[in-house]
Amino acid sequence: MIISVLLENKPGALMRVTGLLTQRGYNIESLTVAQTLDPGLSRMTISVDVDVKLRPLVIKQMTRLINVLQTTDLTDAPAVCREMVLLRVRAPMETRTAILKEAEIFGVRVVDSSVDGFALEATGDPEKLQEFIAIMGSYGDIEVTRSGMVAVSLEAKKLRLSPPNPKPAHEPAVMK
Amino acid sequence: MSQLMSGARILLECLVREGVDTIFGYPGGVTLPFYDAMYDHPIRHVLVRHEENASFAASGYARATGKVGVCCATSGPGATNLTTGLVDCMMDSIPIVALTGQVTSKLIGSDAFQEADTFGITRPCTKHNFLVKDIKDLSAAIHEAFYIASSGRPGPVLVDVTKDVFLGQAHYAPVNEIHLPGYKLVLDGHAGQIRRAAQMMWEAKRPYVYAGGGIIHSGAHEELRELVETLDCPAVCTLMGLGGLPSNHRNFISMPGMHGSYAANMGMYESDLLIALGVRFDDRVTGRLAAFAPHAKVIHIDIDPAEIGKNRAADLPIVGDLKRVMSKMNRNLKELAPQMRPLNAGARKAWWDQVNAWREQHPLLPVFSDDEIKPQHLMHEVDRLTKGETIVSVDVGQHQMWAAQFIRFNAPRLWLCSGGLGSMGFGFPAAIGAAFAHPGKTVVAIVGDGGFQMALPELATMANHGLNLKLIVMNNGFLGMVRQWQELFHNNRLSAVELSGFPNVEHLGAAYGIPAKIITRPTELRPELERAFSIEGPFLMDVRVTHNENVYPMVPAGGAINEMLLAPPQPVPVE
Ligand SMILES: Cc1ncc(C[n+]2csc(CCOP(=O)(O)OP(=O)(O)O)c2C)c(N)n1
């Protein structure tokens, strides 16, 4: 499942979200987190293996966390999901043109070139990237770093925040 | 107006503003400045003899009052010793605030003396936790901690405070507003859903109220009584909900679940509408989920949306505070009553006849013997003296189940029990917490000979303060509940359950300066209990009961709720 989480940018907040998933035995496949326009908040995108029936529960449990402002299940919702792959491929003279051709087809940028080979930067949806990685693998040794998925919902969802609460006033029993 | 104060004083000031009168704790290196500030401060600090017992005492205080219990420990081992009590409160939704000291902020991460990652360790043990490394954040963290602990679904909150924060100086200004934008509370409940629920309740032929700890936390006991009386339907209270509906109420059946009564469980099984109020469909209640209440629709009301549908799908979910939701629902029920009550009158009568027949077929009756004290006999005699009006704290094991079966509670917050975590060692320190909360009242603790020995050091706390606490050890010579499982499910291969070497409590009492008595004969039981209860102050009793008595009825783990072992291991067939 793909979960988008808006949370307070506070120490430990990330640990609460990941802890909730690992505590329940779910394996996190990928996780990205970065500040939002409001530096006090972060946006996480989590891809995690959860049984369909349990997904609403995971969303509710995550929403329950004090530092979490909003949790959205994007698995089947209208959303755009992207991932970036940085890939190094060994490219001797005889395969260089072919590799560049493939890169062009996939819309992949060459970010470094040397006698040994290329460093390539690919973005796209995860399946497309998987295909690209497989093709590059057929040219020889590759080294791959994936960013993990980032996603944005295509529906505007109202963010409901709790208003400030007046502190229940206890008459101070002692004042010094 | 603000004045320069040390962090330790600011912390105390915040506690005073939160209405705290008692802290259960144990000092240490990094909390020295805090203890120094407490030296001449009116907040009472109760020195327990182990930090785990500080957390249990705070839990007992909170359970007995509904107020936030407070405990305190030093860094490292002090903090790790608190964790069992935190998880206990987490499982049972009990509001406590735990204060721990942490090494000086500059030393964090350096494996300094008595450093432990308390913030990390207690993250899964708390509803929320804070690490305060800057004195500017202290008062907000404390007030937020109390607010989070006591609001919504209550729970434990820990605030870890570094030593330099205690020692630092800052201007203290009262915090008048809590701002937690991500902390969502839904209290009122959906009006349309509430109306539909009332309609469903009248339409049901075999409605059944399944009330839990949420009733106690929300203070919805009056609303529960009104609902049950308006509908005139049978009701059960779970282990956590005992006292939610008075045990002597005519509609009260008893406790359901693994050691619930036959009638309580059969009622669940046959009901066509379960009215689930502040419960979480725990496995100890439902048995095998697939076979739980197979004919019933479910109305599930809870303040925590994550509980609804977690174990059993709800046909009609309502998220909200039970007291608010139920008072509206009761109004709806009454409005509908004139037209709806006659509708199913016949079916309702047949339902009551059936429930009463189950009650008569297999009533929960205490067992007596002339030769030895039966554990049920002990509970029966305690019940005679507590009269449904006394605080009874229990530990975990067989005695806990017999106490739940045979001791009555006619009001909430009398029954203190580690339900979700089932933590041995809870009963005695929790009773100490309750005794401090209610100085004028007698508090009873019933513990096993195993659990007693887990909390033994607190005899000193009880003696120091002359608490009016009657500590009754139900001594069966075994880790009884484990022995029962070994007998029933492991061919009676008794492995590591014999508790030989139990101390002589009369000597123990003498050593601590507590009156104490060993009771062995059935005829002694009543007069000795009466004597103990008539003496103001602490009393320790070792009641020697039958060694190998088992708790029945019993739904074996993973069994269906209607297939109980009633006495000797023989499954009861469904009709
Ligand atoms: C801290 C802890 N350790 C172990 C257990 C497992 N356990 C559950 S009941 C029980 C036996 C309790 O024996 P005792 O205190 O003598 O009470 P009895 O069952 O005999 O009434 C044990 C060991 C537990 N619940 N809590």
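Residue numbering restarts at 1 for every chain, and letters A, B, ... go by the order of the sequence lines. Below, each value reflects all heavy atoms present in this structure, side chains not excepted, and no hydrogens, waters or symmetry copies.
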J.: Can you tell me how far apart CD (E177(B)) and CG (N165(A)) are? Round to the nearest 0.5 Å.
T.: 8.0 Å
J.: At a heavy-atom distance under 4.5 Å, which candidate from N129(B), L12(B), V175(B), L131(B) has the highest pair count against chain A?
T.: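 Top option by heavy-atom pairs under 4.5 Å: N129(B).
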J.: Taking only residues at least two apart or on different chains, which pairs with a member in residues 114-127 of chain A satisfy side-chain hydrogen bond (donor to acceptor under 3.5 Å, both in side chains)?
T.: R109(A)-E121(A)
J.: Side chain, backbone, both or neither: which part of L65(A) has a non-hydrogen atom closer than 4.5 Å to chain B?
T.: backbone
J.: Report, as yes or no, whether the 6.0 Å neighbourhood of atom CD on E104(A) holds more than 12 heavy atoms from other residues, nucleotides or ligands.
T.: no
J.: If you count the non-hydrogen atoms of other residues, nucleotides and ligands that lie under 6.0 Å from CD in E143(A), is the total more than 12?
T.: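 At most 12 heavy atoms, drawn from other residues, nucleotides or ligands, come within 6.0 Å of this atom.
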J.: Sort I148(B) into side chain, backbone, both or neither according to what part of it lies under 4.5 angstrom from a heavy atom of chain A.
T.: side chain
J.: Answer with side chain, backbone, both or neither: which region of D21(B) has an atom nearer than 4.5 Å to a non-hydrogen atom of chain A?
T.: neither
J.: So, does K60(A) use its side chain to make a donor-acceptor pair with the main chain of K310(B) at under 3.5 Å?
T.: no
J.: Which one of R16(A), E8(A), K10(A), Q23(A) has the most heavy-atom pairs closer than 4.5 Å to chain B?
T.: R16(A)
J.: Could you tell me the separation between the CG atom of L69(A) and the CG atom of L180(B), rounded to the nearest 0.5 Å?
T.: 10.5 Å
J.: So which part of P11(A) gets closer than 4.5 Å to some heavy atom of chain B, the side chain, the backbone, both or neither?
T.: backbone
J.: Count the heavy atoms of every other residue, nucleotide or ligand shown that sit under 6.0 Å from NZ of K184(B), and state whether that count exceeds 12.
T.: yes
J.: Given that the side chain runs from C-beta out, which part of L20(A) has a heavy atom under 4.5 Å from chain B: side chain, backbone, both or neither?
T.: backbone
J.: Step through the shown structure and confirm whether more than 12 heavy atoms of other residues, nucleotides or ligands are within 6.0 Å of CZ on R96(A).
T.: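 More than 12 heavy atoms, drawn from other residues, nucleotides or ligands, come within 6.0 Å of this atom.
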J.: With chain A as the partner, which of G309(B), P181(B), P124(B) has the greatest number of non-hydrogen pairs under 4.5 Å?
T.: P181(B)
J.: Identify which of M15(A), R160(A), Q61(A) forms the greatest number of heavy-atom pairs closer than 4.5 Å to chain B.
T.: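 Looking at each option in turn, the highest pair count goes to M15(A).
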J.: Minimum heavy-atom separation for L57(A) and A306(B), please, with both atom names.
T.: CD1-O, 3.2 Å
J.: Is there a donor-acceptor pair under 3.5 Å between the side chain of S162(A) and the backbone N or O of Y183(B)?
T.: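 Flag set: sc S162(A) to bb Y183(B) pair under 3.5 Å.
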J.: Side chains of K127(B) and R64(A): does their closest heavy-atom pair fall under 4.5 Å?
T.: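 Not in contact.
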J.: Nearest heavy-atom pair of N67(A) and H128(B): which atoms, and what distance?
T.: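 What the structure gives for the nearest pair is OD1-CE1, 3.5 Å.
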